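Scroll down for the structure; my scribbles are underneath it.
Not measured: the values here are computed from a predicted model.
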Amino acid sequence: MSELIFYTNPMSRGRIARWMLEEVGVPYKTEVLGFETSMKSPAYRLINPMTKVPAIKHGDTIVTEAAAICAYLADAFPGANLAPTPKSRGLYYRWMFFAAGPLEMAVSMKALGYEVPKEKVRMVGCGSYDDVMNTLERAVSENRYVAGDHFSAADVYVGSHIAWGMQFGSIEKRPHFVEYVSHLGERAAYKRAHQLDDEAAKEMQAAG
């Protein structure tokens with residue numbers, strides 16, 4: 001099996017990839033990077049010129065961007081059963097890329113205190129924040145999981161966004177969101193991932 005290396009920081013979107021890795025259940029090596037130190041190093045720039053995490057290196061393959069990492073790992077390790085069959089991936093692709101596009105954009109703008117003027121809504125891919133939240137609520141309320149009745153990598157990615165957003169106030173705590181995240185939070189891989197990241201954060205803080 002090719003070596004799998006995970007580049008992250010416990011206070012970043014790396015938590016999404018960590019959860020996905022724990023769901024996959026294969027051995028991997030973790031490289032914890034500092035935002036203004038090792039993340040800016042020439043060595044890491046070869047992995048991700050954006051100098052951001054998460055990233056993974058699987059053999060000779062490098063993947064950045066949390067959504068891409070989730071999708072890649074689901075396909076690279078089909079035994080984990082984290083992606084629908086190719087013919088059944090409509091909802092899977094739809095909500096994975098909705099979260100990576102409109103949701104990410106709308107939540108980021110809200111966190112920065114920016115509201116798109118009504119007359120400019122058509123210019124931005126996310127439209128209005130309210131439209132994004134209403135659409136997201138539909139996504140998590142129509143089925144047990146976002147892509148149907150089976151848990152998938154799309155739930156890792158969408159669920160992480162909702163949990164993070166509700167924690168920091170950039171996503172409303174609507175009942176359907178709370179129920180969905182609470183359900184996902186019972187997964188053993190979710191708990192392991194959070195424990196690992198919380199421990200890594202404490203180690204970083206202790207090291208100064």
Students often mix this up, so state it plainly: with edges at 30° and 60°, are the rings of Y93 and F97 parallel, tilted or perpendicular? tilted

Please walk me through it: do N9 and R15 pass side chain to side chain donor-acceptor pair (under 3.5 Å)? CA-CA 8 Å; N9 182 291; R15 283 181 173 257; over 6 Å; no

[X] side chain near [Y] side chain, heavy-atom distance below 4.5 Å:
{"X": "M204", "Y": "M11", "value": "no"}
{"X": "Y7", "Y": "P54", "value": "no"}
{"X": "L73", "Y": "I56", "value": "yes"}
{"X": "E31", "Y": "F6", "value": "no"}
{"X": "W95", "Y": "T135", "value": "yes"}
{"X": "R174", "Y": "I162", "value": "no"}
{"X": "L4", "Y": "P27", "value": "no"}

Do [X] and [Y] land in one hydrophobic cluster if side-chain heavy atoms of ILVMFWY residues count as linked below 4.5 Å?
{"X": "M96", "Y": "W164", "value": "no"}
{"X": "L196", "Y": "V32", "value": "no"}
{"X": "L136", "Y": "F151", "value": "yes"}
{"X": "I69", "Y": "I5", "value": "no"}
{"X": "V156", "Y": "V26", "value": "yes"}

If only atom types and distance count, is the side chain of [X] paired as donor or acceptor with the main-chain N or O of [Y] below 3.5 Å?
{"X": "K173", "Y": "P175", "value": "no"}
{"X": "N134", "Y": "D130", "value": "yes"}
{"X": "H150", "Y": "N81", "value": "yes"}
{"X": "S141", "Y": "E137", "value": "yes"}
{"X": "R192", "Y": "E22", "value": "yes"}

Can K57 and E3 be said to form a salt bridge (Lys or Arg N to Asp or Glu O under 4.0 Å), step by step? CA-CA 8 Å; K57 188 171 187 290; E3 183 180 33; over 6 Å; no

Ion pair check, [X] and [Y], cut-off under 4.0 Å:
{"X": "R89", "Y": "D75", "value": "yes"}
{"X": "R13", "Y": "E104", "value": "yes"}
{"X": "R138", "Y": "E142", "value": "yes"}
{"X": "R144", "Y": "D155", "value": "no"}

Using a cut-off of 6.0 Å, state whether more than 12 heavy atoms not belonging to K40 lie near its atom NZ. yes

Heavy atoms of other groups near Q167 CD, more than 12 under 6.0 Å: yes

Can you tell me how far [atom2] of [Y] sits from [atom1] of [X], rounded to the nearest 0.5 angstrom?
{"X": "I47", "Y": "S41", "atom1": "CD1", "atom2": "OG", "result": "9.5 Å"}
{"X": "Q205", "Y": "K202", "atom1": "CD", "atom2": "NZ", "result": "9.0 Å"}
{"X": "I62", "Y": "N48", "atom1": "CD1", "atom2": "CG", "result": "9.0 Å"}
{"X": "R18", "Y": "D197", "atom1": "CZ", "atom2": "CG", "result": "4.5 Å"}
{"X": "Y157", "Y": "M20", "atom1": "OH", "atom2": "CE", "result": "13.0 Å"}
{"X": "Y44", "Y": "K52", "atom1": "OH", "atom2": "NZ", "result": "10.0 Å"}

Measure across [X] and [Y] and return the closest heavy-atom pair with its distance rounded to 0.1 Å.
{"X": "S160", "Y": "I16", "value": "CB-CG1, 3.5 Å"}
{"X": "Y92", "Y": "A71", "value": "OH-CA, 4.0 Å"}
{"X": "A74", "Y": "A153", "value": "CB-CB, 4.1 Å"}
{"X": "W19", "Y": "R187", "value": "CZ2-CD, 4.5 Å"}
{"X": "A100", "Y": "A67", "value": "CB-CB, 4.0 Å"}
{"X": "K191", "Y": "G185", "value": "CE-O, 3.5 Å"}

Across all chains, not counting sequence neighbours, the side chain to side chain donor-acceptor pair (under 3.5 Å) partners of S38 are none

Between H176 and Y180 (judged by ring centroids, cut-off 6.0 Å), do the two rings come close enough to count as a pair? no

Taking the ring centre of each residue, are H58 and Y28 less than 6.0 Å apart? no

Passes side-chain contact (heavy atoms from CB on, under 4.5 Å), M133 versus I171? Steps please. CA-CA 8 Å; M133 290 300 108; I171 289 182; 4.0 Å; yes

Check: S170/K110 side-chain N/O donor and acceptor closer than 3.5 Å: no

The residue among T51, V53, T8 that forms side-chain contact (heavy atoms from CB on, under 4.5 Å) with L33 is V53

Residue pairs, two or more places apart or on separate chains, that pass ring pair (Phe, Tyr, Trp, His ring centres under 6.0 Å) and touch residues 111-137: none

